[in-house]
Each structure stands twice: as structure tokens, then as C-alpha cells.
Amino acid sequence: MEFESLSVVITASDEVRDLKKTVELLLENGGEIGEIVIVLPDWASEGCAAMTDRLTEEYPEKVRKLIQTRGGIGGAILDGFDSARCSHIMYSVADLAISLDAVPAMIETEKRFPEDIVKTSRFMKGGAFVDYSPVRLAINRVAQVCLRILYQTKVRDLTNPVQIMPASFYRKINWHETTYPLLEELVLAPVRLRVKFHEVPCTCYGRTEGQSKNSFVQTALYLKTALRTRFVPKKRLYKTTDD
């Protein structure tokens, strides 16, 4: 397997300024990005939809729009990944919550290890949190420790899905979640299957535009996803030949 090019999937619903900046930063920092897929729900804000159309007009060879068919943010990500045309895929948030200056290092690492996964890490040396809720940060740190013990892994950021993976690997997995817990499943399923990870430090920022659609209930469901993914027989993590 070789790294040929990268499909970046962005989910957006009410981001405008940050969505524009996200696309511009990706195009500046990732010369090997073959396409950027902006996935919108049919209820996306007028401003977000208009900005998406503007970006597809400005960068017709790189940016395209997709209206999601499955529900939830997880469904939007899966719709985007299913439509990917490049050898490798990456998810990116539209609200600049994760710094994109790590993208060049991620791509260079994936070129060296094209069968592995390269992910951003907020918890390794060089990573940081800026304007982030202290309570959420404390909960997140505890969760990382518990997940590392549960999965017997050295991966340091197990709930942040901004990562590059081979599209061929993605298409083998029986992804279960369609809401926020998919963000965790995208990391934990490969960890359970002992795919090799390479982490690149990144900075995490508090949201400055749009409204978070996450909730305490959705966050609590992360535990259910973590336990299911850890203890289900490994063969059930893969798609069957009939899928």
C-alpha cells in the first residue's frame, strides 16, 4: 500500500467563518489533499450552506458538498468517508477546535507508514488546551487513563478522531455508532484490532462559533461504546462478506 492522496471530511451545520478558515488552512497546509468533502445536514443554517456553496465555487477541483443521509454527526462522518475518492481519509471539525498546523506532519508520517494510522494528540508533549473548560478537561484526562488501562494501549488520545487512516481499512470495519460516540469508535476499533498508531501533538481550542450539538447524555454513551468495542469478539468488528 502507498499513500497517494487524502480525502478530508468536514462536518458542519452552523459554522461560517470557521468553516471558511478550516478549508483555507487545510489547502495551505496539505499539498497532498486530493479533496475536501463538506458534509451538511438538510437543516444546516443558511449562512453555513451559503459558505459551503461559495467554497465549492472557489475551489471546484478540491471542495465538494455532500448532504448527509444518515442521522447524527456520526452518520455525517460515515456518509463522507463512504464517498471518499482518495487512498487515505481524515476527519476534521469545522469549528477550529483542533489546530490544523499538525496536518503536514501527519501527512509526512502517513507517507512513511501508509498502512498505519496517524492521529493528533492533545495529551502528548507539545499538545495543549486553550480556552477549554477546566471541568471537561479534568473529565477528559480521567477518561484517557481509564481507556488506556481498559485497552492496554499506549495511545494517549483515545477520544479525538482527527486522524489519517487508509480508506481500505475504514471500509473493512463494521462501524456501529451514528451519533457522537462514533468519534471515539473511530479510534477504539483500530486500537482493539492492534493497528499501529503514530501520534502528532496538537492544540485543542474552545469553540468560538456555532453551537455544540453534544450533550451530557451523548458523552455518557461513550462508556457504552468503549465497553462494547473492547469486549465484542474481534471478528464482529469487521464487516461480513455480505455487507
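If you're wondering where the values come from, they're calculated on a predicted model, not measured in any experiment.
Of the charged side-chain nitrogens involved, none lies within less than 4.0 Å of a carboxylate oxygen, so that Glu2 and Lys111 do not count as a salt-bridged pair. Checked for salt-bridge contact, Lys20 and Glu24 meet the test: a charged N lies under 4.0 Å from a carboxylate O.
Asp14 contributes no side-chain N or O that, together with a main-chain N or O of Cys48, makes up a donor-acceptor pair within less than 3.5 Å. The backbone N or O of Tyr180 lies less than 3.5 Å from a partner atom in the side chain of Tyr222, making a donor-acceptor pair. Under a 3.5 Å cut-off, the side chain of Ser99 and the backbone N or O of Asp101 do not form any donor-acceptor pair. Between the side chain of Tyr151 and the main chain of Ala226, a donor-acceptor pair closer than 3.5 Å is present. A donor-acceptor pair under 3.5 Å links the side-chain atoms of Ser87 to the main chain of Ser5, judged by distance alone.
Rounding to the nearest 0.5 Å gives a distance of 9.0 Å between CD of Glu185 and CD1 of Ile173. Note that CD1 of Ile77 and OG1 of Thr178 are 10.5 Å apart. Values are rounded to the nearest 0.5 Å. With values rounded to the nearest 0.5 angstrom, Thr120 atom OG1 is found 8.5 Å from Glu199 atom CD. Expressed to the nearest 0.5 Å, how far CG of Asp82 lies from CD1 of Ile89 amounts to 8.5 Å. A distance of 9.5 Å separates CZ in Arg70 from CD in Gln68, rounded to the nearest 0.5 Å. The CZ atom of Arg156 lies 15.5 Å from the CG atom of Leu147; values are rounded to the nearest 0.5 Å.
For Lys154, the NZ atom is loosely surrounded, since the number of other residues' heavy atoms within 6.0 Å does not exceed 12. Sparse packing is recorded around CZ of Arg236, with 12 or fewer heavy atoms of other residues, nucleotides or ligands lying under 6.0 Å away.
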For a salt bridge (charged side-chain N to carboxylate O under 4.0 Å, His left out) check, start with the C-alpha distance between Arg54 and Glu58, then their side-chain angles and the critical distance, and finish with the verdict. CA-CA 6 Å; Arg54 174 180 165 185; Glu58 288 186 10; 2.9 Å; yes
Test side-chain contact (heavy atoms from CB on, under 4.5 Å) applied to Met90 and Ser7, step by step: CA-CA 6 Å; Met90 177 182 126; Ser7 293; over 6 Å; no
May I have the step-by-step check of side-chain contact (heavy atoms from CB on, under 4.5 Å) for Phe123 and Gln144, ending in yes or no? CA-CA 9 Å; Phe123 293 98; Gln144 301 300 329; 3.6 Å; yes
Might you work through the side-chain contact (heavy atoms from CB on, under 4.5 Å) test for Glu35 and Arg85, ending with a clear yes or no? CA-CA 8 Å; Glu35 63 173 355; Arg85 301 165 180 168; 3.5 Å; yes
Verdict with supporting geometry, Ser83 and Arg64, side chain to side chain donor-acceptor pair (under 3.5 Å): CA-CA 11 Å; Ser83 78; Arg64 60 185 174 92; 3.2 Å; yes
Start with the C-alpha distance between Phe81 and Trp175, add both sets of side-chain angles, then the distance that settles side-chain contact (heavy atoms from CB on, under 4.5 Å), and finish with yes or no. CA-CA 11 Å; Phe81 281 176; Trp175 303 104; over 6 Å; no
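The shortest heavy-atom contact between Val39 and Gly80 is CG2-CA, 3.9 Å. The two residues Lys172 and Ser168 make their nearest non-hydrogen contact at CG-O, 3.3 Å. The minimum heavy-atom distance between Val37 and Leu66, with the atom names listed, is CG1-CB, 4.0 Å. The two residues Val9 and Tyr91 make their nearest non-hydrogen contact at O-CD1, 3.3 Å. Heavy-atom minimum distance, Phe197 versus Val187: CZ-O, 3.7 Å. The minimum heavy-atom distance linking Gly34 with Cys86 is given by the pair CA-SG, 3.9 Å.
Contact check for Met165 versus His88: no side-chain heavy atoms found under the 4.5 Å cut-off. A heavy-atom distance below 4.5 Å is found between the side chains of Ile38 and Val23. In this structure the side chain of Leu96 reaches within 4.5 angstrom of the side chain of Lys21, judged on heavy atoms. Two residues are said to be in side-chain contact when any heavy atoms from C-beta on lie closer than 4.5 Å; Tyr205 and Phe129 fail this criterion. Taking the side chain as every heavy atom from C-beta outward, Gln163 and Val118 never approach each other to under 4.5 Å. Using a 4.5 Å heavy-atom threshold, the side chains of Ile98 and Ser92 count as separate. Put simply, the side chain of Thr225 reaches to within 4.5 Å of the side chain of Arg228, judged on heavy atoms. Between Asn140 and Thr159 the shortest side-chain heavy-atom distance falls below 4.5 Å.
For the side-chain contact (heavy atoms from CB on, under 4.5 Å) with Ile36, the lone residue among Leu6, Ile10, Thr22 that qualifies is Ile10. Results of the salt bridge (Lys or Arg N to Asp or Glu O under 4.0 Å) test with Asp157 over Arg141, Arg122, Arg148 single out Arg122 as the only residue that passes. When each of Leu150, Val191, Leu188 is checked for a side-chain contact (heavy atoms from CB on, under 4.5 Å) with Arg230, only Leu150 meets the rule. For the side-chain contact (heavy atoms from CB on, under 4.5 Å) test with Lys119, the passing option among Asn160, Val200, Val162, Ile164 is Asn160; the others fail.
Both Ile67 and Leu19 are part of a single hydrophobic cluster, where members link through side-chain heavy atoms under 4.5 Å apart. Cluster membership check: Phe231 shares its hydrophobic cluster with Leu237, using side-chain heavy-atom separations under 4.5 Å among Ile, Leu, Val, Met, Phe, Trp and Tyr. Both Leu223 and Leu158 are assigned to one and the same hydrophobic cluster, defined by single-linkage of ILVMFWY side chains at heavy-atom distances under 4.5 Å. In this structure, Leu193 is a member of the same hydrophobic cluster as Leu183, with clusters built from ILVMFWY side-chain heavy atoms closer than 4.5 Å. Residue Leu25 is grouped with residue Met51 when hydrophobic side chains (ILVMFWY) are merged at heavy-atom distances under 4.5 angstrom, including chains of intermediate members.
Separation of the Phe169 and Tyr238 ring centroids does not fall under the 6.0 Å cut-off.
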